[in-house]
Structure formats: structure tokens, C-alpha cells
Number of protein chains: 2
Amino acid sequence: MVYNEKQMLNALHKHGYKVTPQRRVIIGVIMNSHEHLTPAALHERVLRLDPSVGLVTVYRTIEILTELGFICEMHAGGGSRSYLMRRPSEHHHHLICSDCGKVIDFTDCDLDKLEHRLAQENKFKIDSHLLEFLGQCRECNKKTLINVVTNQDKSVPSR
Amino acid sequence: MVYNEKQMLNALHKHGYKVTPQRRVIIGVIMNSHEHLTPAALHERVLRLDPSVGLVTVYRTIEILTELGFICEMHAGGGSRSYLMRRPSEHHHHLICSDCGKVIDFTDCDLDKLEHRLAQENKFKIDSHLLEFLGQCRECNKKTLINVVTNQDKSVPSR
DNA sequence: TTCTAATTGAAAAACATTTTCATTTGGCTT
DNA sequence: AAGCCAAATGAAAATGTTTTTCAATTAGAA
Ligand SMILES: [Mn+2]
Ligand SMILES: [Mn+2]
Ligand SMILES: [Zn+2]
Ligand SMILES: [Zn+2]
């Protein structure tokens, strides 16, 4: 289940935030993008629709939308920063393609048993968890395999 | 199982890296710290032992130690950046206290079944995963409970 | 001891995010 | 419809983190 634009704008209003043209555009871009976006990437797309929107406004809107639960952060490993993406409404996790950045959500992490045991053994009160699988999507894997076959006789540079 | 200082210095040498006084100090600080450290926090502690070591060298050493597998990144959620800490040698994950930053490692994540299923269903080639539990350690939880009891009759400021 | 590629620190550059502030505006009240 | 004002905005500056550049130093092999 994914929120639609009207629901998001209503929620803004309901929580005392003003529905500005800038916020409309930003929300529109997020809604119509299936990838996760950095603030900068989001801003770039917003500029195409309204060149006057500032990056600061993008940051501020991201903060609100996160607070309202419409978007969520992503951790794609490596030295990479936190990204964001539109999100289903339930607790979920990510399958991330390290090559192209494609993201697939999944909801059944089934970590309750593990969580319970860890809580007991370590006297921790566990509030939440972060789980992400990193790998290669089908398309990127195909490309890799083709490259391997094509270049199998070529010598490899030593560094 | 945790590496000792000598092993780490040997590994540096073995991989063609020079064993410099700076690297000795940095490794020493990491070895003797049980918390995870940001590059800046690590540098701060290094300065106490050798005020001439530059932050750049800390970054460069972090990179090498990560490559050699002696330290690993941490993702403590929120807008937080990537942290690092000393680490056991095997595949493992973290239990992180959101209050004091205490970290407990655990190794048995047992995600194979889930990984297999996700790989099949989504045609993904999964290389690795990231799993962290966030919560409150015993001590911090105690403090919280005491505060709740102590302040239960006091009025709460509205913001 | 000599030699040299690796390493270092300082400074600058490159980025990412937050703060400040004067101006504008959404939307409630008349 | 007009007025009002707290909320929101963009520009610019400030803050913070990480990387790059470069000349000087040095670890360690010969
Ligand atoms: Mn989750
Ligand atoms: Mn660890
Ligand atoms: Zn891909
Ligand atoms: Zn704690």
C-alpha cells in the first residue's frame, strides 16, 4: 500500500503545515519516482518543474515527510550517505542493487525470535531494527555475466 | 575473537603498508576503545597521545583498516553518519543503544532462509546484508525507568 | 648508510547539511 | 474581498565532513 498525493497533502494540512506550491512539486516528484533519491537528486528533478525552488526547501520538506512517515531513509552501505525513497506504509526492509541502485521492498523480515533472544541475553530493550540486503538485480547480473564471457580471453590490468 | 595490536601491525606490513608511529597510535586507540568512534572522535583521542597526527592520516588509516577487515562501519540510524569500531573477525551484526551508544556484537543472524527466498522471488543475487538492532541497554533503561518514577507527578511542559 | 616509494600534515577543495534573516505568502479571521 | 500574521521561502553564510593536492619527511629494503 502506497499513499497518494492527495493523502499526503491532506496530512500536511492536518498537521498544521501549509500546502505550498513548492511542497506540491516536491511531493509530486517523490510520488512519481520509483528509485530512492538523495536530497540533491530530488532537488535536481524538482528544478525541472520549478526552477525557483531552493535546496533548503527540499531539505525542510524531507524532514516533514519523514516525520509524517511518508518517506524513509535508506542505508546502501559503503561510505554512502543516507538516501530516501517513497515507501509503503508498513514496517519493511530493502533489497538494494549495488550496481544500479534499484530498490525492492519486502515486509516479512521475521526477526521476532532473534529479537527476543538478543533482548534476553543482552538485557536490551529493543525498539527497532535495520535490515538491508545488498546485491545485484537481475538486469545488472546479466550485464556482468555477458561482460565476463566477452572479456574472458582479454588480459586483466594488474591494478 | 578479537585481533591484537601485534597481529594488526603484522598485517599492515604483510600487505605492503608501512608501520608508522601514527598508525601505531591510531591502532592503539582503536584497540583500547570499546565504543564505536567517528573519525573525528578517534582523531581527538589520538591527539592526546600524539598531538602532531593529522585528521587526514586518521581517515587514511581507517580506510586501510577497513580494507584489511580490522574495523567495520556502523549504521546507528537517524540522520547519523557512518561510524566505525573495532570488530570481531567473523560476520556479525550490532545491538546499539540509542542513548549511550554502547554496541554489542552478535554473530548468529540466521538470515539464510530469508536470503534464499528473497533471492529467488526477486531474481536478485544477494552478496551481503546489514542488520542492526536499535534500543536501550540495561543501564540506560534503568535510568529511564527511574526518571519516569521520579517525575511521575510533575507536570509536563507542552513542547 | 643510501635510496626511493610510501606516508605525512597543511591547506585547499569538494560536498552535504544547517542556520540566519529579510521577504513573501497560505489560509484563517474579519 | 481584504487584512493579517505565523509559517514558509530563497539567498547567503556558517558548519561539518571527507577528499584532493602537494611539498617535505621517513620506513624499510638493498
Ligand atoms: Mn524495518
Ligand atoms: Mn561490529
Ligand atoms: Zn541493478
Ligand atoms: Zn546505553
Side-chain angles (χ1 to χ4, degrees), chain A residues 6 8-27 29 36-68 71 73-84 158-159, chain B residues 8-29 36-68 71 73-84 158-159:
Chain A
K6 191 165 269 181
M8 292 175 74
L9 296 176
N10 279 344
L12 273 188
H13 188 263
K14 188 181 139 197
H15 286 262
Y17 295 110
K18 292 184 179 173
V19 177
T20 65
Q22 292 89 335
R23 288 177 179 167
R24 281 176 191 278
V25 176
I26 293 170
I27 288 175
V29 168
H36 56 112
L37 301 168
T38 58
L42 175 52
H43 183 227
E44 191 194 355
R45 297 189 189 201
V46 166
L47 284 184
R48 289 182 212 152
L49 301 172
D50 181 345
S52 72
V53 178
L55 177 57
V56 212
T57 299
V58 170
Y59 272 104
R60 291 191 275 232
T61 305
I62 284 172
E63 201 181 339
I64 294 171
L65 294 181
T66 304
E67 177 206 326
L68 298 185
I71 59 177
E73 282 187 13
M74 265 204 22
H75 304 265
S80 66
R81 324 247 161 287
S82 54
Y83 300 118
L84 54 138
S158 64
R159 253 287 193 172
Chain B
M8 292 175 73
L9 296 176
N10 278 344
L12 273 189
H13 189 262
K14 188 180 138 198
H15 286 263
Y17 295 110
K18 292 184 178 173
V19 177
T20 66
Q22 292 90 336
R23 287 177 179 167
R24 281 176 191 277
V25 175
I26 293 170
I27 288 174
V29 168
H36 56 112
L37 301 167
T38 58
L42 175 52
H43 183 227
E44 191 194 356
R45 297 189 189 202
V46 166
L47 284 184
R48 289 182 212 152
L49 302 172
D50 182 344
S52 72
V53 178
L55 176 57
V56 213
T57 300
V58 170
Y59 272 103
R60 291 190 276 231
T61 305
I62 283 172
E63 200 182 340
I64 293 172
L65 294 181
T66 304
E67 177 205 327
L68 298 184
I71 59 177
E73 281 188 14
M74 264 204 23
H75 303 265
S80 66
R81 324 248 161 287
S82 53
Y83 301 117
L84 53 137
S158 63
R159 252 285 193 173

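Chain A is the first sequence line, chain B the second, and so forth, proteins listed ahead of strands; every chain is numbered from 1. Heavy atoms only: backbone and side chains are in, while hydrogens, waters and symmetry mates are out. The structure presented is a predicted model; accordingly, all values stated were derived computationally and were not measured.
- One atom, OH of B:Y59, and another, P of C:dA14, lie 18 Å apart when rounded to the nearest Å.
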- Task: Sugar-phosphate atoms are those with a prime plus P, OP1 and OP2; base atoms are the rest. Using that split, label each nucleotide of nucleotides 23-30 of chain C B, S or - for protein heavy atoms under 4.0 Å, 5' to 3'.
- Result: ---BSS--
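- Between the CG atom of B:L55 and the P atom of D:dT21 there is a distance of 18 Å, given to the nearest Å.
- Each of D:dT9, C:dA11, C:dT17 was ranked by its minimum atom distance to the side chain of A:R60; first place goes to D:dT9.
- Positionally, the nearest nucleotide of DNA chain D for A:I64 lies more toward the 5' end than for the other of A:V56 and A:I64.
- B:E63 CD: 12 or fewer foreign heavy atoms inside a 6.0 Å radius.
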- Query: Does the pair B:I62 and B:I26 meet the rule for a side chain to side chain contact (heavy atoms under 4.5 Å, CB included), with working shown?
  - Reply: CA-CA 9 Å; B:I62 283 172; B:I26 293 170; 5.8 Å; no
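- In this structure, the CG atom of B:L42 is 15 Å from the C1' atom of D:dT17, given to the nearest Å.
- Using modelled atom types, no side-chain atom of B:R24 and backbone atom of B:V19 make a donor-acceptor pair closer than 3.5 Å.
- Contact of the A:Q22 side chain with the A:T61 side chain is not registered, since no non-hydrogen atoms from C-beta on lie closer than 4.5 Å.
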Which pairs would a plain distance check flag for residues 41-52 of chain B, meaning a side-chain donor or acceptor within less than 3.5 Å of a matching protein atom at least two apart in sequence or in another chain?
residue : atom : partner : partner atom : Å
B:H43   : NE2  : B:V53   : O            : 2.9
B:H43   : NE2  : B:L55   : N            : 3.3
B:R45   : NH2  : B:E35   : OE1          : 3.4
B:R45   : NH2  : B:E35   : OE2          : 3.4
B:D50   : OD1  : B:S52   : N            : 2.9
B:D50   : OD1  : B:S52   : OG           : 2.7

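- If you measure from atom CD1 of B:I62 to atom P of D:dT17, you get 12 Å, rounded to the nearest angstrom.
- Contact annotation: B:R23 side-chain N/O to C:dT7 OP1/OP2 distance is under 4.0 Å.
- The nearest whole Å value for the distance from the CG atom in A:L65 to the P atom in D:dA8 is 12 Å.
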- Message: Is there a side chain to side chain contact (heavy atoms under 4.5 Å, CB included) between B:I64 and B:R23? Walk through the geometry before answering.
- Response: CA-CA 10 Å; B:I64 293 172; B:R23 287 177 179 167; 3.4 Å; yes
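- Rounded to an integer number of Å, the gap from NE2 of B:H43 to C1' of D:dG16 is 15 Å.
- Separating the CD atom of A:E63 from the P atom of C:dA16 is a distance of 18 Å, rounded to the nearest angstrom.
- A:H15 has its NE2 atom 19 Å from the C1' atom of D:dA6, to the nearest Å.
- For the pair B:L12 and B:K18, the minimum side-chain heavy-atom distance is 4.5 Å or more.
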